[in-house]
Protein chains: 4
Amino acid sequence: MRTFECDYTEGAHPQILEALLRTNMEQMSGYGADPYTARAAEKIRQSCGAPDASVTFLVGGTQTNMIVLDLLAAPFEGVLTAETGHINVHEAGAVEFTGHKVIGLKHRDGVLDVDALDAYLAAFYADATHEHMVRPGVVYLTHPTEYGTLYTKEQMLRVRALCDRYGMKLYVDGARLGYALGCPENEIALSDLAGLCDAFSIGGTKLGLLCGEAVVFPKDAPKHLLSQVKRHGGLLAKGRVLGVQFDAMFTGRLYEAIGREAIRHARRIREILLSKGYPLAWESPTNQQFTILSDAEATALSKYVGFDLWGRRDAGHWIARFTSSWSTTDADVEELETALPQKTALTE
Amino acid sequence: MRTFECDYTEGAHPQILEALLRTNMEQMSGYGADPYTARAAEKIRQSCGAPDASVTFLVGGTQTNMIVLDLLAAPFEGVLTAETGHINVHEAGAVEFTGHKVIGLKHRDGVLDVDALDAYLAAFYADATHEHMVRPGVVYLTHPTEYGTLYTKEQMLRVRALCDRYGMKLYVDGARLGYALGCPENEIALSDLAGLCDAFSIGGTKLGLLCGEAVVFPKDAPKHLLSQVKRHGGLLAKGRVLGVQFDAMFTGRLYEAIGREAIRHARRIREILLSKGYPLAWESPTNQQFTILSDAEATALSKYVGFDLWGRRDAGHWIARFTSSWSTTDADVEELETALPQKTALTE
Amino acid sequence: MRTFECDYTEGAHPQILEALLRTNMEQMSGYGADPYTARAAEKIRQSCGAPDASVTFLVGGTQTNMIVLDLLAAPFEGVLTAETGHINVHEAGAVEFTGHKVIGLKHRDGVLDVDALDAYLAAFYADATHEHMVRPGVVYLTHPTEYGTLYTKEQMLRVRALCDRYGMKLYVDGARLGYALGCPENEIALSDLAGLCDAFSIGGTKLGLLCGEAVVFPKDAPKHLLSQVKRHGGLLAKGRVLGVQFDAMFTGRLYEAIGREAIRHARRIREILLSKGYPLAWESPTNQQFTILSDAEATALSKYVGFDLWGRRDAGHWIARFTSSWSTTDADVEELETALPQKTALTE
Amino acid sequence: MRTFECDYTEGAHPQILEALLRTNMEQMSGYGADPYTARAAEKIRQSCGAPDASVTFLVGGTQTNMIVLDLLAAPFEGVLTAETGHINVHEAGAVEFTGHKVIGLKHRDGVLDVDALDAYLAAFYADATHEHMVRPGVVYLTHPTEYGTLYTKEQMLRVRALCDRYGMKLYVDGARLGYALGCPENEIALSDLAGLCDAFSIGGTKLGLLCGEAVVFPKDAPKHLLSQVKRHGGLLAKGRVLGVQFDAMFTGRLYEAIGREAIRHARRIREILLSKGYPLAWESPTNQQFTILSDAEATALSKYVGFDLWGRRDAGHWIARFTSSWSTTDADVEELETALPQKTALTE
């Protein structure tokens with residue numbers, strides 16, 4: 001049975017695997033000092049229109065968030081995020097492990113409420129005791145968000161303006177960035193991220209790499225970056241494994257093509273869900289589609305197709321997630337269409 | 001002009017100072033290995049009816065919370081607290097500095113909403129991804145709370161029951177504990193804390209010590225406690241300074257007497273506020289009394305008497321705090337009564 | 001030009017790559033909850049004769065040391081190691097990042113001096129102030145060591161006995177373990193490690209994986225291991241990448257075969273070095289061979305063959321390292337024999 | 001029986017206590033925002049000839065070292081110290097608790113060997129793998145050292161020059177600084193420290209305060225200092241307790257007078273030791289005097305006078321410490337002279 005539970009259920013995109021195979025026996029220096037890593041970084045700089053950017057490759061998403069935030073924030077600074085932000089909910093306290101408070105603010109379908117951010121900062125600095133409080137040092141956004149939603153350019157510009165006003169850094173977690181870039185509705189290009197952020201990541205794991213996230217510091221790279229990454233346990237001996245994969249991913253615009261194709265599938269999944277009577281929990285333009293199921297419906301549906309019980313909506317109801325990815329095929333979606341019963345039939 | 005801004009504006013209670021003077025030239029070993037520290041610990045054990053308790057003395061409140069929570073929680077565990085809890089708001093991230101996430105839950109006038117705690121824990125363990133989340137390890141309560149309010153015994157028993165059910169520790173921050181013990185409404189005696197908590201603190205600084213908080217571990221003291229305190233920078237070379245003060249404080253029930261007397265003054269402050277037209281922001285049975293002032297009223301009133309602009313109620317209004325303490329005298333309260341204008345007169 | 005600089009200059013062993021290819025499009029759950037990870041763990045348990053062991057897979061060596069030591073040691077405990085230990089020298093402070101002091105002791109060609117360990121512990125506990133010192137919690141050994149040398153069984157038994165006497169844990173870093181297992185001189189089998197250690201690692205990266213280290217806790221696995229690994233940024237979304245590789249590595253005794261073959265090459269490298277007049281810096285029975293070169297010789301030799309300037313022996317002399325690995329072929333060694341000039345010819 | 005075991009066996013110098021008494025009932029703001037703290041800081045700036053220095057007051061010595069080093073060092077930087085340095089031996093890992101490696105170098109009677117420092121740094125930066133090693137960020141010196149010895153001005157200038165050459169900070173731990181300043185042999189005045197250091201402490205606890213260390217940042221104070229101190233658990237609510245004491249200590253040159261007087265006593269203790277046949281373990285010009293005793297002698301002598309078994313010299317011999325302090329009187333020293341038997345008589 002095909003599962004649509006998440007976007008990392010398979011290994012790697014064929015072109016990625018092929019690149020690993022092709023370069024396998026080439027002798028290269030370790031720790032990222034190989035030509036593929038250099039080339040991948042250069043291609044990403046070009047894709048971002050950021051010729052002076054520092055580009056580094058890390059293995060996983062939580063690791064990336066933990067390291068980047070620890071490098072951007074002064075030791076005594078905290079990180080502001082939507083309360084639904086991955087770092088606040090699903091990283092087992094990795095950011096706090098590095099000593100930083102994560103401060104959750106209001107959100108709307110996963111998008112940080114910029115008014116709430118504005119109000120928080122105004123209140124913070126108006127408070128006579130704020131030296132006893134955790135200083136906001138970095139704003140963390142995910143794009144797409146955990147809800148599959150996207151920031152508008154205006155929202156991101158407002159966040160940047162607040163960062164400038166209050167001396168904060170902006171970091172965008174792009175674990176699923178390719179699925180934003182593949183969206184017609186997306187207003188934030190790689191070059192926008194390079195212009196607006198102090199750092200952002202370009203997720204590889206969920207876009208078809210065995211593993212790997214690229215981190216871009218458009219302007220000022222942290223000092224002694226390799227050393228700091230190693231100190232956090234994030235330096236890969238065979239850095240080539242990341243370099244070769246990202247080099248392939250940014251060759252011939254593969255990254256964008258993967259995103260676009262997955263979004264095409266997601267649109268069909270959305271239509272299939274709606275046509276079979278499954279209401280959308282909210283509108284998501286990206287590769288994750290969310291519907292609402294009662295407990296009984298969830299149990300019944302799980303016999304037909306694999307999906308993710310993403311979270312509780314309330315006692316008695318689940319939010320269920322159907323995800324497309326780099327590995328989704330037309331046949332998969334057709335299989336879904338065939339397998340998915342009318343929602344009303346689930347509990348008959 | 002007399003100020004009622006907080007309960008640590010003076011030095012030490014005369015009997016405390018006297019004890020420091022009297023013992024000043026006695027030669028004693030350092031780091032708490034002196035007879036006064038031993039005696040103070042023994043008196044506290046007796047006051048708590050906890051003959052096997054471990055009692056330790058630390059210098060300050062944030063230090064105490066940071067150390068005790070770091071010792072109670074496994075490294076990967078987080079701390080649950082009312083979102084208004086001191087550790088969540090006013091300790092500059094000291095708990096996160098030690099690697100623990102602080103998770104803020106709903107409150108009612110500073111009292112942790114036990115239903116919200118219950119719901120949080122039920123949802124946490126029902127969540128299939130909870131191994132990716134921060135495990136709740138300790139519940140942190142303040143008694144009295146930051147709002148001057150008190151837990152009922154029933155509330156605290158319910159929290160304890162939840163701790164038992166979910167394998168958590170309970171820590172009560174008693175930075176102002178004496179002002180609870182001095183309250184007729186208080187339902188939580190020292191012996192109750194010893195029976196219910198894994199650790200609690202008995203605050204000295206706000207009750208008339210130059211500095212010092214006692215920490216009680218009723219049952220299982222953390223291993224190598226002295227070493228762990230030192231590692232956190234909390235071990236005082238002249239441990240006698242804390243031992244002598246607490247020994248005096250727990251001689252002849254001084255601690256309770258101080259609390260009772262301050263509460264008597266707080267009751268009169270409350271009456272004075274009400275009689276002059278200052279509404280209570282909420283009912284506080286302890287030594288902190290809160291009223292609401294418009295910005296203009298706050299400015300005007302500050303010419304008559306010292307108080308604390310405790311926090312914003314909304315745009316345009318402050319919550320103002322008037323505090324009694326071990327140092328408050330009848331004359332002080334009379335001075336307040338004389339100085340305090342009718343609220344209506346403030347902005348005429 | 002062939003380089004013998006280290007044992008991670010190529011990608012992955014063909015059988016490893018083949019397994020990744022073969023399983024690539026199978027849909028599996030993430031975070032190690034896949035059948036290949038389970039199977040790899042089971043095979044390792046069998047290889048170790050430790051049916052109750054917990055086996056976990058991590059990405060890199062420094063990450064492994066950082067996480068395992070942080071989980072074995074109480075927060076206030078330090079780690080004892082030969083002063084040449086990888087964690088003490090070449091991990092950029094990753095262990096200290098997690099709050100533990102690393103205490104370096106005397107060594108002999110990279111082997112911790114067990115007498116020095118014994119003396120350190122005796123002196124520590126005889127010191128009346130030892131509660132002010134960092135408590136020794138874990139002994140860290142590498143096998144093979146950074147010098148390519150091996151512990152004797154007697155040495156390791158003595159270390160274990162000291163751990164038992166002083167309530168410490170024993171962790172063996174096996175980043176190059178396969179190259180010990182492939183040695184006729186090696187006295188420490190996997191089952192010995194399982195019997196003696198509280199944890200040990202079985203390195204994959206240097207034995208022919210793209211990345212990956214297995215961690216074995218023979219008896220008591222740390223609680224909430226997945227959660228703790230995630231908190232340290234070490235949890236891989238596509239855990240299969242590690243599971244599939246280790247499953248292949250422990251199929252048909254590939255791990256041992258790789259080690260044996262590399263040792264065969266190392267012996268020939270050793271003979272070639274000696275026959276051409278290059279003295280051994282010390283005897284190493286494993287895959288790293290060390291010789292001494294003057295600065296001028298090092299410069300001259302680097303035109304003929306790739307090797308590692310491993311470290312300074314003194315002003316004017318280098319210790320140079322030649323390494324065999326899973327990827328070394330007879331042809332490589334023959335090429336070395338041909339390319340390597342007589343040492344005396346280097347500076348003529 | 002009088003004990004000379006250490007310099008913190010009594011409470012506070014009478015003038016310090018008197019200042020606390022005199023100011024006890026003055027109402028002041030907390031957290032160091034009181035006039036006495038401001039005045040003490042100003043007096044210290046004047047004493048140091050450093051009108052722009054930032055002066056802060058902390059409670060204890062380990063706390064001071066932990067906080068200052070964590071603020072001076074970048075998160076990934078380590079601290080270089082004599083291997084005998086207090087932070088390396090007797091602070092229970094407080095510096096590592098904040099994530100920094102402490103790197104011990106050779107010493108001579110407690111004085112960091114500047115040649116060894118020079119060699120370490122040269123080797124570090126010559127090492128091609130130094131990005132995998134802990135970057136040296138701060139040099140930590142104690143003055144006087146743990147052995148009672150003093151740096152010469154030339155030594156300290158050389159250390160400063162190395163700091164400048166390698167981009168490091170210099171911190172001098174002056175827990176016993178007053179006893180250096182009181183020495184005719186001392187070449188390092190407060191103004192020298194202000195000129196050479198990035199930070200230094202002026203110890204109060206061992207010079208006659210109940211508790212308290214002043215920290216001076218001559219040039220660039222760390223940002224948000226109060227907030228950072230609080231985050232480390234080091235902010236005292238009644239900051240006045242430190243301000244009032246240091247204000248008294250720097251009034252009428254009391255600090256220097258105390259030091260001078262204690263040194264006068266130490267000289268007599270030294271003469272008494274020598275005249276009774278007790279050899280000096282090494283020459284110490286400050287308030288700590290060290291002699292060598294066999295185990296039997298140590299046991300015998302402890303019946304006549306209190307002293308500290310400072311450490312093992314070898315199996316069978318102790319180094320014993322006799323300390324003068326602010327509280328030592330002529331009568332005390334005379335008592336020592338009377339009580340101390342000829343060494344040869346000890347084991348007869």
Side-chain angles (χ1 to χ4, degrees), chain A residues 5-6 60-62 66 69-70 73-79 83 86-105 119-120 122-137 146 295 298 308-316 318-321, chain B residues 5-6 60-62 66 69-70 73-79 83 86-105 119-120 122-137 146 295 298 308-316 318-321:
Chain A
E5 71 187 75
C6 73
T62 293
M66 172 180 105
L69 288 169
D70 196 29
F76 55 89
E77 290 179 339
V79 182
E83 60 190 2
H86 204 254
I87 56 167
N88 195 39
V89 183
H90 277 118
E91 301 195 350
V95 172
E96 289 87 356
F97 172 58
T98 69
H100 303 282
K101 189 177 187 68
V102 176
I103 298 163
L105 301 176
Y120 182 86
F124 181 89
Y125 284 101
D127 190 325
T129 68
H130 73 259
E131 286 279 315
H132 294 242
M133 300 163 73
V134 175
R135 198 169 192 85
E146 294 75 10
D295 288 9
D308 181 44
L309 288 178
W310 186 78
R312 275 286 175 194
R313 184 189 154 96
D314 54 47
W318 288 101
I319 292 170
R321 182 179 67 170
Chain B
E5 71 188 73
C6 72
T62 292
M66 173 180 104
L69 288 169
D70 197 30
F76 55 89
E77 290 179 338
V79 182
E83 60 190 1
H86 204 254
I87 56 167
N88 195 38
V89 184
H90 276 119
E91 301 195 350
V95 173
E96 289 88 356
F97 172 58
T98 69
H100 303 282
K101 189 177 186 67
V102 176
I103 298 164
L105 300 176
Y120 182 86
F124 181 88
Y125 285 100
D127 190 326
T129 68
H130 72 258
E131 286 279 314
H132 293 243
M133 300 162 72
V134 175
R135 197 169 193 85
E146 295 74 9
D295 288 8
D308 181 43
L309 288 177
W310 186 77
R312 274 285 174 193
R313 185 189 154 95
D314 54 48
W318 288 100
I319 292 170
R321 180 179 69 171

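Naming: A, B, ... by sequence-line order, numbering from 1 per chain. In this text, all values refer to a predicted model and were calculated from it rather than measured experimentally.
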(request) List in chain and number order the residues that pass salt bridge (Lys or Arg N to Asp or Glu O under 4.0 Å) with A:Glu131, two or more places apart in sequence or in another chain; answer none if no residue qualifies. (result)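 A:Glu131: salt bridge (Lys or Arg N to Asp or Glu O under 4.0 Å) contacts with A:Arg135.
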
(request) For B:Asp295, enumerate each residue passing the salt bridge (Lys or Arg N to Asp or Glu O under 4.0 Å) test, keeping only those at least two apart in sequence or located in another chain. (result) B:Arg312

(message) Return the CZ to OG1 distance between B:Phe97 and A:Thr98, rounded to the nearest 0.5 Å.
(response) 12.0 Å

(message) Within the 4.5 Å heavy-atom criterion, are B:His90 and A:Met133 side-chain neighbours or not?
(response)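 Yes, at least one pair of side-chain atoms sits under 4.5 Å.
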
(request) Quick one: do A:Val95 and B:Glu96 satisfy side chain to side chain contact (heavy atoms under 4.5 Å, CB included)? Show the steps, please. (result) CA-CA 9 Å; A:Val95 172; B:Glu96 289 88 356; over 6 Å; no

(request) Measure across B:Ile87 and A:Lys101 and return the closest heavy-atom pair with its distance rounded to 0.1 Å. (result) O-NZ, 4.5 Å

(request) Let me know if A:His100 has heavy atoms under 4.5 Å from chain B in its side chain, its backbone, both or neither. (result)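 A:His100 touches chain B through backbone heavy atoms alone.
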
